[in-house]
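A quick write-up on the structure given underneath.
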Amino acid sequence: MYLSSFDNRQILMVLFPEFFYNCFTKIMSHDVLLRQILGPFKEYRQARPKEGGETKIDEFNQLRTFPVDDISANEFGHEWAVKTVMLEEFDEEIREALCTRSKEEVTTRKGIRVSNEDGGYHSTPDFLQRLTVADDDEEEAKKGEMSSKFLPQFLRFVSMQLESFPSLKRTRPPMTTSWINRLGTNNSNGLHNHASAKLSGVFYFDDYEADVDSAAAQEPKPGDLLLRTASAAMRKNENMGEWCEYVIIRPQRGKLVLFEPKLLHGVVASHRERFSLAMNFGEKNVSFEDPNEAGKKVSVRPIEL
């Protein structure tokens with residue numbers, strides 16, 4: 001059967017997705033990648049931390065605050081705090097068990113549609129509650145055991161970081177929701193926030209790019225988390241805003257990122273499989289319709305820290 005050149009290109013992109021994605025993104029300007037996630041603006045610029053407001057241990061363990069000083073800014077707040085910290089003792093066996101469990105989520109459970117675009121997978125928001133549940137099967141029990149070793153360690157680690165997060169004033173709200181995000185080739189997470197929470201976070205099981213040592217990245221790359229800290233509203237009769245400021249977070253194995261939940265954020269389209277664990281703290285009376293239980297309404301039990 002005769003195939004047009006367009007059809008041939010589609011077939012090649014399916015067979016060699018990463019190669020074609022890399023070629024495509026090299027052709028695209030960085031502004032185009034930013035526009036896809038952050039919205040249409042004439043100018044994009046990286047936000048600079050508040051002078052004297054950065055507590056930095058090393059490249060990946062730091063607390064930064066980003067002020068919104070410009071009178072044109074139309075974001076929710078006047079100053080945002082973003083914390084990145086590494087879980088140093090992230091056992092390889094446990095990491096593999098978590099990755100395996102995450103992949104099983106995709107293949108055995110129905111997800112829900114939230115910010116995941118062009119495909120992608122968002123598990124139901126009770127992932128950590130189900131993490132230690134194992135079947136009678138010996139292999140499943142082993143996975144559950146390894147995951148249960150991770151959970152107490154991880155919750156202690158998160159609890160320590162919450163105590164020093166500025167907006168919480170040393171209080172520790174419970175973890176109210178947690179879910180797995182899985183992105184495949186060309187999948188992304190659109191711009192959104194978690195306004196009903198007191199704090200939001202994401203934890204990465206794996207490095208995504210080889211150059212993870214470049215924490216202060218100068219350009220967005222596939223799989224990066226983008227935080228939109230400030231922007232200028234559209235002028236009358238125009239179809240784009242004047243400017244937008246943003247922060248780049250690059251995934252790295254064992255990295256925890258905490259940020260204020262009203263901060264708009266999204267993920268640049270992926271060029272290969274990418275897993276992360278997302279979480280919210282301090283929400284009230286969370287429930288959802290579980291597609292795995294014929295749409296039954298399920299309440300989420302908070303995890304005290």
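Both backbone and side-chain heavy atoms feed into the values below; hydrogens, waters and symmetry mates do not.
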Q. For P302 and P174, which heavy atoms make the closest approach, and how far apart are they?
A. CB-CB, 3.8 Å

Q: Just do the side chain to side chain donor-acceptor pair (under 3.5 Å) check on S164 and K83 with the steps written out, would you?
A: CA-CA 10 Å; S164 60; K83 186 172 188 178; 2.3 Å; yes

**Q.** Given K296, K297, E289, the one that forms side chain to side chain contact (heavy atoms under 4.5 Å, CB included) with E293
**A.** K296

Q: Tell me, yes or no, whether the heavy-atom count around E92 atom CD, taken from other residues, nucleotides or ligands under 6.0 Å, exceeds 12.
A: yes

Q: Take T176 and N280 through the test side chain to side chain donor-acceptor pair (under 3.5 Å) and record every step on the way to the result.
A: CA-CA 6 Å; T176 41; N280 281 331; over 6 Å; no

**Q.** Enclosure of K110 NZ (heavy-atom neighbours >12, cutoff 6.0 Å)
**A.** no

Q. Do E105 and R182 have side-chain heavy atoms sitting under 4.5 Å apart?
A. no

Q. Are more than 12 heavy atoms from other residues, nucleotides or ligands located less than 6.0 Å from atom CZ of R45?
A. yes

Q) So do L199 and F259 actually touch side chain to side chain, heavy atoms under 4.5 Å? A) no

Q: Kindly compute the distance separating CZ (F150) from CD1 (I94), expressed to the nearest 0.5 Å.
A: 8.0 Å

Q) Do we see a donor-acceptor contact under 3.5 Å between the side chains of S231 and N74? A) yes

Q. Is a side-chain donor-acceptor pair under 3.5 Å present for T124 with R130?
A. yes

Q. If you measure from the Lys or Arg side-chain nitrogens to the Asp or Glu carboxylate oxygens, is any gap between E93 and R95 under 4.0 Å?
A. no

Q: Please determine which of F281, F76, W179 meets the ring-ring contact (aromatic ring centres under 6.0 Å, His included) test together with H194.
A: W179

Q.
Whether the side chain of E260 engages the backbone of A81 through a donor-acceptor N/O pair (distance < 3.5 Å, no angle test) should be reported.
A. yes

Q.
Looking only at side-chain N and O atoms, does S115 offer a donor or acceptor that is under 3.5 Å from a partner on N189?
A. yes

Q: Please round to the nearest 0.5 Å and tell me the distance separating atom CD of E245 and atom CZ of F41.
A: 11.0 Å

Q. Quick one: does V82's side chain get under 4.5 Å of T229's, heavy atoms only?
A. no

Q) ring pair (Phe, Tyr, Trp, His ring centres under 6.0 Å) between F90 and F203: does it pass, once the steps are laid out? A) CA-CA 12 Å; F90 191 23; F203 180 72; 5.4 Å; yes

Q) Do F205 and I180 have side-chain heavy atoms sitting under 4.5 Å apart? A) yes

Q: Drop me the distance from K284's NZ to S196's OG, to the nearest 0.5 angstrom.
A: 11.5 Å

Q) Between E104 and R109, does a side chain to side chain contact (heavy atoms under 4.5 Å, CB included) hold up when you go through it step by step? A) CA-CA 8 Å; E104 288 172 350; R109 288 179 58 85; over 6 Å; no

**Q.** From K103 atom NZ to T108 atom OG1, the distance as rounded to the nearest 0.5 Å
**A.** 14.0 Å

(Q) Within the 4.5 Å heavy-atom criterion, are I248 and L225 side-chain neighbours or not? (A) no

Q) Side chains of D206 and P251: does their closest heavy-atom pair fall under 4.5 Å? A) no

Q: Would you check if L227 and W80 make a side-chain contact, meaning some heavy-atom pair closer than 4.5 Å?
A: no

(Q) Can you tell me how far apart OG1 (T84) and CD (Q161) are? Round to the nearest 0.5 Å. (A) 10.0 Å

Q.
Main chain of R253, side chain of D207: is a donor-acceptor contact present, judged purely on distance under 3.5 Å?
A. yes

Q. If you take all heavy atoms of V268 and P222, which pair is closest and at what distance?
A. CG1-CA, 4.0 Å

Q. With distance as the sole test, does H265 use its side chain to make a donor-acceptor pair with the main-chain N or O of H192 at under 3.5 Å?
A. yes

Q. With distance as the sole test, does S159 use its side chain to make a donor-acceptor pair with the main-chain N or O of L305 at under 3.5 Å?
A. no

Q.
Closer than 4.0 angstrom, basic N to acidic O: yes or no for E75 and R228?
A. yes

Q. Have T177 and E283 got a donor and an acceptor in their side chains that come within less than 3.5 Å?
A. yes

Q | Minimal non-hydrogen separation, P173 against L162, with atom names | A | O-CD1, 3.9 Å

Q. Looking at CG of L34 and CD of Q46, how far apart are the two atoms once the value is rounded to the nearest 0.5 Å?
A. 8.5 Å

Q.
I'd like to know if E79 and K50 make a salt bridge, using a cut-off of under 4.0 Å between side-chain N and carboxylate O.
A. yes

